[in-house]
Amino acid sequence: MKKLLEVIGMLVLIAGVCGVIRELTDGWFRFMGFTRFLTENVAFLQGHELLANVGVAGVGLAFLMIVDRYVKA
């Protein structure tokens, strides 16, 4: 169970980092382009895509830290 939660946390972290890189390069970096769907389809995130992707990366990092601390192998 711990490995599954670690994989989920890592995928969320990678998605957030890829979204940040995508926003900083103005869409040139298209790897994992699904991250734009996280921000373009939510009305209150319009214009705040970079901040939203930083938040996604932060959630992934926090999830990994929580899993590492509390889930027993």
Side-chain angles (χ1 to χ4, degrees):
M1 184 69 175
K2 183 177 180 179
K3 287 292 182 189
L4 177 65
L5 293 174
E6 286 176 345
V7 168
I8 291 170
M10 186 59 75
L11 288 175
V12 172
L13 177 66
I14 290 171
V17 170
C18 287
V20 168
I21 293 172
R22 185 178 183 283
E23 290 300 322
L24 291 177
T25 60
D26 235 1
W28 179 78
F29 184 72
R30 298 202 183 271
F31 178 67
M32 292 186 82
F34 73 89
T35 57
R36 66 184 172 95
F37 295 114
L38 296 173
T39 56
E40 287 180 357
N41 297 328
V42 180
F44 66 88
L45 293 178
Q46 299 277 326
H48 303 286
E49 291 87 2
L50 182 63
L51 183 61
N53 286 313
V54 169
V56 169
V59 166
L61 183 63
F63 189 78
L64 283 173
M65 292 185 342
I66 290 169
V67 166
D68 188 48
R69 179 158 180 138
Y70 290 112
V71 176
K72 302 211 189 282

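All residue numbers refer to positions in the sequence shown, counting from 1. Values reported hereafter were calculated over all heavy atoms of this structure, with side chains retained and with hydrogens, waters and symmetry mates removed.
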Nearest-0.5 Å distance, CG of residue Leu13 to CD1 of residue Ile8: 13.5 Å
Gap separating the CZ atom of Phe63 from the CE atom of Met10, nearest 0.5 angstrom: 12.0 Å
Value rounded to 0.5 Å, distance of CG in Leu51 from CD in Glu49: 10.0 Å
For Leu64 against Glu6, the heavy-atom pair lying closest together: CD2-O, 3.4 Å
Cluster companions of Leu24 among Ile, Leu, Val, Met, Phe, Trp, Tyr (side-chain spacing under 4.5 Å): Val20, Leu50, Val54
Co-membership, hydrophobic cluster, residues Leu4 and Ile66, 4.5 Å side-chain: no
Atom of Val17, atom of Ala57 and distance for their closest heavy-atom approach: N-CB, 4.1 Å
